[in-house]
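The shown structure was predicted, so the numbers you read here are calculated from the model rather than taken from an experiment.
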Amino acid sequence: MKEDVIGRSRVEDTDELKEFYSRLENLNAGALWTVANDIEPWEPQPTSVPVLWRYADLRPQVIDSASMVTGDDAGRRVVMLVNPGRKELSAAVGLLYTGLQIMNPGESMTAHRHAASALRFVIEGEGAWTVVNGDRLKVGPNDFAITPRGAWHEHGNDSDRSQVIWQDGLDIPLVNTLDANSFQVHPDQYQTPGKVQNSSLLEYGAGILKPAGADWNRRYSPLLAYPWERTYEALLNQAKVSAGSPYDGIIMEYVNPLTGGSVMPTMGAHMQLLRAGEATRAHRHTGSVVYHVAKGHGHSVINGQRLDWHEHDIFCVPSWAWHEHANDSASNDACLFSFNDFPVMHSLDLYTEAAMEDNDGHQLLS
């Protein structure tokens, strides 16, 4: 793209230059000025677009998949959510992947591990469990769990009557883009779990205390499961003493209890509460975000586009997209779970944000 600005590429094509470009292409080379303005934009130019995936529309398809393919044949039976601007990467937004996984009553998936990091957010059903590096985690609706890179893990459903559906989130597009992914199937197909269920929660989940002399030198959280009841209580308590963020309401981050840092080096996660009738102001930041409506109903405006959401809908905010949220209930709060690539942005010193100042901090609808 040519721009008539000194310091930017503004070379006019000639027959001589076209012949020169052809010679370079034959040598697997090229002239920087032909692409410089595209690869060095004035500001971030994500190819991802805002998308709302309605759970009411997706759930029947997820249910159908449970009778169409077996867990063993599929590896994991997941309906993935794909951004129109990131189809080539199977990404939901930016370099983040998400999908809806279903497990039938009594079903279990074989153990495996991969270089990509993963997380789970339970949507519905009883009996859900996952074993992560031998720790058997019992999880229920709105519980959050992590599967760090390289950790052996397997999933299952103990219930004899209800299916389990949860949301997966992974950094697979990022790891594949870096040519760093790998996958292994457990040599015994299944792990032998420890005798105590949810041992990481018992050991590290106190919140106000941490084990003295805890010997933990890994870059991900030793706490693998974060229960919804404790999370929601923390939000309500925070709301008693804080006005919250003008851009996100009452927002709290799931953290490594030993360091206070993100749960994993490549992905972070938050839960936020919007009070009854609350509407936030618009801001934008580098870094992509996938949202899940854990509770309530409302709407978000993303780059001027209004998306109305209800419980268990999923939507995404691309990097550098203006966004604001509103709780449409006059009497009940709303909660949004989200995961993001902020840890990567911070590690690479690429994180930046800006607040909207015009129109009292709110976007005009397109």
Side-chain angles (χ1 to χ4, degrees), residues 53-81 98-114 118-148 151-170 185-203 205 223-233 271 292-295 310-314 335 337:
W53 293 275
R54 299 191 184 280
Y55 190 61
D57 295 334
L58 283 167
R59 186 178 186 275
Q61 314 309 319
V62 176
I63 297 294
D64 283 350
S65 75
S67 61
M68 298 173 71
V69 295
T70 67
D72 283 345
D73 287 345
R76 280 90 69 217
R77 193 191 295 107
V78 181
V79 172
M80 63 181 182
L81 310 184
T98 199
L100 299 177
Q101 180 169 176
I102 185 169
M103 290 169 287
N104 288 320
E107 191 171 41
S108 61
M109 308 296 177
T110 54
H112 61 276
R113 65 181 179 181
H114 36 67
L119 55 85
R120 326 287 170 193
F121 189 77
V122 183
I123 301 174
E124 63 175 271
E126 56 184 44
W129 57 265
T130 180
V131 180
V132 181
N133 276 347
D135 186 8
R136 192 177 196 274
L137 311 174
K138 185 76 172 176
V139 290
N142 285 359
D143 287 353
F144 168 61
I146 64 171
T147 304
W152 290 112
H153 56 284
E154 60 199 85
H155 316 303
N157 179 4
D158 274 346
S159 173
D160 59 3
R161 58 184 180 180
S162 71
Q163 294 171 312
V164 164
I165 300 177
W166 68 30
Q167 180 183 1
D168 292 328
L170 293 96
V185 175
H186 197 283
D188 300 324
Q189 290 195 319
Y190 301 96
Q191 300 174 75
T192 301
K195 295 180 180 180
V196 179
Q197 186 169 266
N198 283 82
S199 62
S200 75
L201 181 60
L202 295 174
E203 186 172 8
L223 177 59
L224 302 174
Y226 299 75
W228 162 244
E229 290 78 10
R230 297 191 195 182
T231 302
Y232 185 54
E233 181 183 15
M271 183 71 77
H292 181 117
V293 184
K295 182 177 185 288
H310 295 82
E311 195 165 295
H312 299 316
D313 287 348
I314 296 169
C335 293
F337 167 79

Is the shortest side-chain heavy-atom distance between [X] and [Y] below 4.5 Å?
X: L100; Y: Q167; value: yes
X: Y226; Y: M271; value: no
X: V78; Y: S65; value: no
X: P148; Y: V132; value: yes

Set of side-chain contact (heavy atoms from CB on, under 4.5 Å) partners for I63, sequence neighbours left out: R59, I102, Q163, I165
With sequence neighbours excluded, what pairs up with K138 under the side-chain contact (heavy atoms from CB on, under 4.5 Å) test? D158, Q197, N198
Could you list the residues that satisfy side-chain hydrogen bond (donor to acceptor under 3.5 Å, both in side chains) with [X], not counting sequence neighbours?
X: S162; answer: S159
X: S108; answer: none
X: T70; answer: D73
X: N157; answer: none

Any residue meeting ring pair (Phe, Tyr, Trp, His ring centres under 6.0 Å) with W152, in chain and number order, not counting sequence neighbours: H186
What residues, two or more places apart in sequence or in another chain, satisfy ring pair (Phe, Tyr, Trp, His ring centres under 6.0 Å) together with W53? none
Residue pairs passing the salt bridge (Lys or Arg N to Asp or Glu O under 4.0 Å) test where at least one lies in residues 98-109, sequence neighbours excluded: R77-E107
Tell me whether the rings of [X] and [Y] are parallel (<30°), tilted (30 to 60°) or perpendicular (>60°).
X: H114; Y: H112; answer: tilted
X: H292; Y: H312; answer: perpendicular
X: F121; Y: F337; answer: parallel

Of all residues at least two apart in sequence or in a different chain, which pass the salt bridge (charged side-chain N to carboxylate O under 4.0 Å, His left out) check with [X]?
X: D72; result: none
X: D168; result: R120
X: E126; result: R161

